[in-house]
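Quick note on labels: first sequence line is chain A, next is B, and so on, each numbered from 1. Keep in mind that the numbers below use all heavy atoms, side chains included, and drop hydrogens, waters and symmetry copies.
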Number of protein chains: 2
Amino acid sequence: MANIHQVAKYAGVSVATVSRVLNDQGTVTAKTRIKVEDAIKELNYEPSMLGRNLRNSESRILLILIPTISNPFYSEIIKGIETAALKHNYNILLCETDSNPERENIYFDLVRKKMADGIISMDPAVNMETLMKLAEHHSIIQCSEYALDSGIPYVTIDNEDAAYRAVKHLIRIGHEKIALINSDEKFLYARQRKLGYQKALRENGIEVQDNYMFHTQELGFDQGRQAMRKILDLDDRPTAVFTVSDLLAIGALKEIHQHGLLVPNDIAIVGFDKIDFSNMTHPTLTTIAQPMYQMGTIAANMLIDKIKGNEVDSIVLDHELIIRESTSG
Amino acid sequence: MANIHQVAKYAGVSVATVSRVLNDQGTVTAKTRIKVEDAIKELNYEPSMLGRNLRNSESRILLILIPTISNPFYSEIIKGIETAALKHNYNILLCETDSNPERENIYFDLVRKKMADGIISMDPAVNMETLMKLAEHHSIIQCSEYALDSGIPYVTIDNEDAAYRAVKHLIRIGHEKIALINSDEKFLYARQRKLGYQKALRENGIEVQDNYMFHTQELGFDQGRQAMRKILDLDDRPTAVFTVSDLLAIGALKEIHQHGLLVPNDIAIVGFDKIDFSNMTHPTLTTIAQPMYQMGTIAANMLIDKIKGNEVDSIVLDHELIIRESTSG
DNA sequence: ATCGTTCTTGTAATCGTTTACAAAAACATC
DNA sequence: GATGTTTTTGTAAACGATTACAAGAACGAT
């Protein structure tokens with residue numbers, strides 16, 4: 001493979017001139033530009049990002065920290081990030097932490113070692129202390145899940161209000177016994193959504209019952225099933241369930257079917273996220289739509305801005321209640 | 001941020017010695033090693049991958065080419081790739097082509113420009129000519145979808161046999177009118193699976209009917225619905241459907257339900273891939289299990305081997321028929 | 001004390017770019 | 001043609017690591 005010196009020699013110019021042609025900057029006569037371009041073609045030259053990156057002290061890579069790629073919620077965000085990144089000539093390094101601190105550290109090291117120019121963190125289980133320390137010298141954006149007092153800019157939705165609206169919808173269509181399948185309350189979004197759930201109940205004179213609130217370790221299908229199983233075992237069985245993720249909802253749905261009950265007639269369900277699959281189940285899921293793609297593009301643009309050295313402000317995006325079959329009884 | 005020279009100065013040694021400590025090679029006295037390690041700690045030094053990569057002419061990045069991250073089939077493979085890559089100190093650059101040649105080219109450029117050390121291509125729609133040309137000078141592995149005569153090593157399953165077994169299962173449980181929802185036959189796997197479908201029919205004295213075979217542009221839910229709609233419109237309606245992806249199958253399932261019919265009683269369905277969601281539907285999907293995670297790890301190991309300059313052989317992995325509710329009538 | 005070995009360290013080139021600065025060329029003006 | 005101004009090009013120093021090779025230190029044997 002040819003390098004810039006060989007191109008310069010072949011074209012009979014200096015490396016500086018070749019570089020100028022390459023980057024379309026500085027002034028180059030048409031005649032020399034053509035000489036250089038010919039040489040580039042002739043030698044099949046491709047400029048090495050390794051040299052360029054070293055010289056520019058950048059990697060043009062953004063690190064995306066997610067707990068797992070299996071949750072479609074994240075894939076949709078990633079799409080947004082990728083498109084925005086590409087537009088600015090950045091590429092994305094995918095990092096699944098599996099909420100494993102060891103992996104997390106490997107990935108943090110990548111930005112410490114300049115292999116990445118910044119981080120978009122979407123892992124609720126991320127080690128906040130480390131992240132904050134890292135943020136002192138590196139560009140970081142929080143996406144979806146965040147710590148308010150970290151001083152790290154974030155893009156997210158109003159979780160409390162979203163949950164409030166979801167539960168209010170259930171109340172409006174006549175439900176009073178409404179269960180909550182939440183995730184671990186060590187996560188901010190879990191606490192916020194619980195608040196929304198409680199607020200909706202209280203506002204409508206419905207007592208908040210502790211035995212109607214369940215917690216799961218993860219946001220998956222299996223956890224949804226298990227939680228639903230417990231709910232079905234309750235003496236005073238709820239007529240509706242609000243879950244904090246579509247995957248949980250789909251698990252709950254499955255469990256309800258397995259018990260020979262019908263959704264929404266016997267039990268209504270509301271999910272959260274509006275992943276593609278929420279529209280593929282039978283019945284289709286009522287859910288809260290998060291603007292995932294947009295969250296991705298915005299997060300990426302914020303990060304790139306931050307890398308450039310600009311100040312960036314946190315953003316709260318709109319959500320929307322999508323009413324579908326699982327509550328239309 | 002400190003660099004190696006500052007560390008050397010602080011420790012009172014040469015950069016060579018620091019480098020030796022960093023990489024645990026060459027000989028260093030215990031005494032000087034400690035001096036260097038102290039300096040590293042004191043200055044908060046982190047070796048820059050940019051310098052190292054340039055010197056070593058490598059990026060330690062593997063490029064993963066997929067059509068879309070939304071299909072869980074790919075996410076599972078990616079998990080395998082990531083784990084294997086990490087074990088060898090490589091990282092993965094995620095590249096969604098959306099089967100868009102322009103995007104593809106952007107990503108190909110990354111390896112031309114040494115931003116990536118190799119490619120794992122999983123995009124059936126990849127431009128084979130370009131890929132083959134690229135393979136002359138770069139390390140490439142095909143995963144799942146492949147071109148046999150490309151000379152590029154691949155890891156995959158026996159698609160024909162898998163389809164054959166799926167359809168034979170349908171025949172065994174009494175079906176004779178079996179439709180096929182296939183994807184575009186420009187893809188090798190589509191042609192192979194069709195062969196398997198036909199072989200199973202012929203072997204059992206069932207005529208292969210052209211009007212029972214359908215093609216879709218993509219492997220998604222919507223395409224599955226549309227194809228199923230056409231099938232339901234047939235005069236002589238099939239009693240079973242074999243689809244070449246779980247997403248297609250889930251779409252078909254939805255459409256059947258919408259028409260007030262039951263699976264498997266009215267129509268049985270077999271999918272392909274065994275994505276997580278195939279177990280979440282109601283009824284659960286009979287499907288062909290591809291060892292996706294394993295395919296990922298193997299592909300990654302093959303690629304890393306190839307990058308090292310070793311010869312690597314293509315591999316055909318085992319598949320398995322998973323019988324579930326959608327055919328257990 | 002001298003020599004030969006072995007072990008440890010240092011010097012300086014290298015990887016492939018970009019860019020500040022200097023130098024040369026081109027042009028306009030008188 | 002001499003001079004000044006502008007435009008175009010070239011020289012050489014970064015960026016931050018690794019590594020041949022050379023040199024120096026340490027050590028035992030004589």
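Computed from coordinates, the A/K31 NZ to C/dA25 C1' distance equals 11 Å when rounded to whole Å. The nearest whole Å value for the distance from the CD1 atom in A/I4 to the C1' atom in C/dG16 is 8 Å. The separation between B/Q25 atom CD and C/dT9 atom C1' is 15 Å, rounded to whole Å. Nucleotide D/dA20 holds its P atom 11 Å from the CG atom of B/N56, rounded to whole Å. Atom CG in A/L50 sits about 15 Å away from atom P in D/dA17, given to the nearest Å. Here the C1' atom of nucleotide D/dA17 and the CG atom of B/L54 are 8 Å apart, to the nearest Å. Rounded to whole Å, the distance from NZ on B/K9 to P on C/dT11 is 13 Å. In this structure, the CG atom of B/N23 is 7 Å from the P atom of D/dT19, given to the nearest Å.
Among the nucleotides D/dG10, C/dT17, D/dG16, the one closest to any side-chain atom of A/V13 is D/dG10. If you check D/dA17, C/dT17, C/dT9 against the side chain of B/T17, the one that comes closest is C/dT9. Closest contact between the side chain of A/S48 and the listed nucleotides C/dG16, D/dT18, D/dG10 involves C/dG16. Comparing D/dT19, D/dT9, C/dT17 against the side chain of A/H5 picks out C/dT17 as the nearest. Here the side chain of A/S19 is nearest to one of D/dT8, C/dT18, D/dT19, namely C/dT18.
One finds the CG atom of A/L62 at 10.5 Å from the SG atom of A/C95 (value rounded to the nearest 0.5 Å).
Remark: the A/T68 side chain and the B/K79 side chain contain an N/O donor-acceptor pair separated by less than 3.5 Å. Side chains of A/S183 and A/Y189: a donor-acceptor N/O pair is present below 3.5 angstrom, by distance only. Side-chain polar atoms of A/S59 and A/N53 form no donor-acceptor pair below 3.5 angstrom.
Side-chain contact between B/L134 and B/V111: present, with at least one pair of heavy atoms (C-beta onward) separated by less than 4.5 Å. No side-chain heavy atom of B/S139 sits under 4.5 Å from any side-chain heavy atom of B/D117. Using a 4.5 Å heavy-atom cutoff, the side chains of B/L86 and B/T83 are not in contact.
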If you restrict it to nitrogen or oxygen atoms, what contacts under 3.5 Å exist between nucleotides 12-14 of chain D and the protein, and what is each distance?
| unit_1 | atom_1 | unit_2 | atom_2 | d |
| --- | --- | --- | --- | --- |
| D/dA14 | N3 | A/R55 | NH1 | 3.0 |

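Regarding contacts with the backbone of C/dG16, every side-chain N or O of A/R52 stays at 4.0 angstrom or more from both OP1 and OP2. Here B/S14 does not reach the OP1 or OP2 of C/dT11: none of its side-chain N or O atoms lies under 4.0 Å away. Distances shown here put every side-chain N or O of A/T29 at or beyond 4.0 Å from the OP1 or OP2 atom of D/dT7.
Axis angle, first five pairs versus last five pairs of the helix from C/dA1-D/dT30 to C/dC30-D/dG1: 50°, rounded to 10°.
Using a 4.0 Å heavy-atom cutoff across all strands shown, A/E46 reaches sugar-phosphate atoms only and no base atom.
The nearest heavy atom of DNA chain C to B/K114 and to B/T27 marks one nucleotide each, and the one closer to the 5' end goes with B/T27.
A side-chain donor-acceptor contact under 3.5 Å links A/E96 to the backbone of A/I69.
Taking all atoms of both residues into account, the shortest heavy-atom contact from A/R60 to A/H88 is NH2-O, 3.0 Å.
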